[in-house]
Amino acid sequence: MAAPQRFWLLKTEPTAYSLDDLKRDGRTGWGGVRNYQARNLLRDELKPGDGILFYHSNAEPPGVAGLARVTRGGHPDPTAWRKGDVHFDPASTPTRPVWFQVEIEFTERFPRFVPLEEIRACHELQDMVLLKRSRLSVQPLEKHHFDRIARMGRRTSTGSARPAEAR
DNA sequence: GCCAACGTTGGC
DNA sequence: GCCAACGTTGGC
C-alpha cells in the first residue's frame, strides 16, 4: 500500500471499543460520531491509506494505544437509521444521510502505551489539537505528530528523556 | 443572529 | 464524582 497521505487521531472509550477490539475484528466501521465538525472530517477528509493514532479517552490513563489506517473513506453511517441503536437519529435516512463513517483497519498495538501526560510534556507536540480542543473526537494531525508518537510507542525514543537541544 | 440555559465530554 | 470546557438548543 502507498504511504499514508494524511494523519488523524480518533478517540474512543476503550470500555466501548478498544484497540484490542479492533485487533480482534481486523476492520470496523467507525460510526456513531454525532458532532458536525467530526462528521465533516469523516465525510470529506479521511481517505484510504491515511494513518490513524488510536486514542483511548476516559481511560486510566488516557492516551494513544496504537495505530490504524483508513480503508474506506466517508460513507453513510448505518447506525443512524437503526432503531433502538444508541446512535439512532430519525433525521438521517439512507436517501438523505446526515451522519457519516469511515472504515478502518488495525495496524499495530504499541509495545508501550503513550499516556496523555507524556504528550503534554513533549515540546514538539504542543500544537496538537488534542491539547487545544480536546473534545473533538476526530482530529487532524501533522505528520510529525504522528511520527513522534509512533516513535514514543515503539520505545525508540521517550521524548522526555531526550535532551531539549537535540530538537 | 444573539446568547443564556442546558447537555456532554473527558481529564482529574 | 466533580467540574471546566465547549457544543447545541431555542426563545426572543
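Letters A, B, ... mirror the listed sequences (proteins, then strands); counts begin at 1.
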Checklist entry - Just one of A:Ile52, A:Leu10, A:Val102, A:Val129 clears the side chain to side chain contact (heavy atoms under 4.5 Å, CB included) bar with A:Val138, so which one? => result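 Among the candidates, only A:Leu10 passes.
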Next on the checklist: Between A:Lys143 and A:Asp147, does any NZ, NE, NH1 or NH2 come within less than 4.0 Å of an OD or OE carboxylate oxygen?
Outcome noted: yes
Item to check | Sidechain N-carboxylate O distance under 4.0 Å for A:Glu108, A:Lys23 | outcome: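 No, no charged N to carboxylate O under 4.0 Å.
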Can you tell me how far [atom2] of [N] sits from [atom1] of [X], to the nearest Å?
X        : N      : atom1 : atom2 : answer
A:Leu131 : C:dA4  : CG    : P     : 20 Å
A:Glu117 : B:dC12 : CD    : C1'   : 11 Å
A:Asn40  : C:dG7  : CG    : P     : 13 Å
A:Arg135 : B:dG11 : CZ    : P     : 12 Å
A:Lys11  : B:dT9  : NZ    : P     : 10 Å
A:Ile119 : B:dG11 : CD1   : P     : 10 Å
A:Tyr36  : B:dT9  : OH    : P     : 14 Å
A:Gln139 : C:dC6  : CD    : C1'   : 14 Å

Item to check | Presence of A:Tyr55 side-chain N/O under 4.0 Å of B:dG11 phosphate oxygens OP1/OP2 | outcome: yes
Checklist entry - Taking the side chain of A:Arg120 as its heavy atoms from C-beta onward, which of C:dC6, C:dT8, B:dC12 lies nearest to it? => result B:dC12
Checklist entry - With respect to the side chain of A:Arg133, which nucleotide from C:dG7, C:dT8, B:dG10 is positioned closest? => result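 When the side chain of A:Arg133 is considered, C:dG7 is the closest of C:dG7, C:dT8, B:dG10.
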Item to check | Position toward the 5' end of DNA chain C (nearest nucleotide), A:Arg34 or A:Asn58 | outcome: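 Checking each residue's closest nucleotide, the 5'-ward one belongs to A:Asn58.
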Item to check | A:Asp50 side chain vs A:Lys47 backbone, donor-acceptor pair below 3.5 Å | outcome: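 Answer holds: yes.
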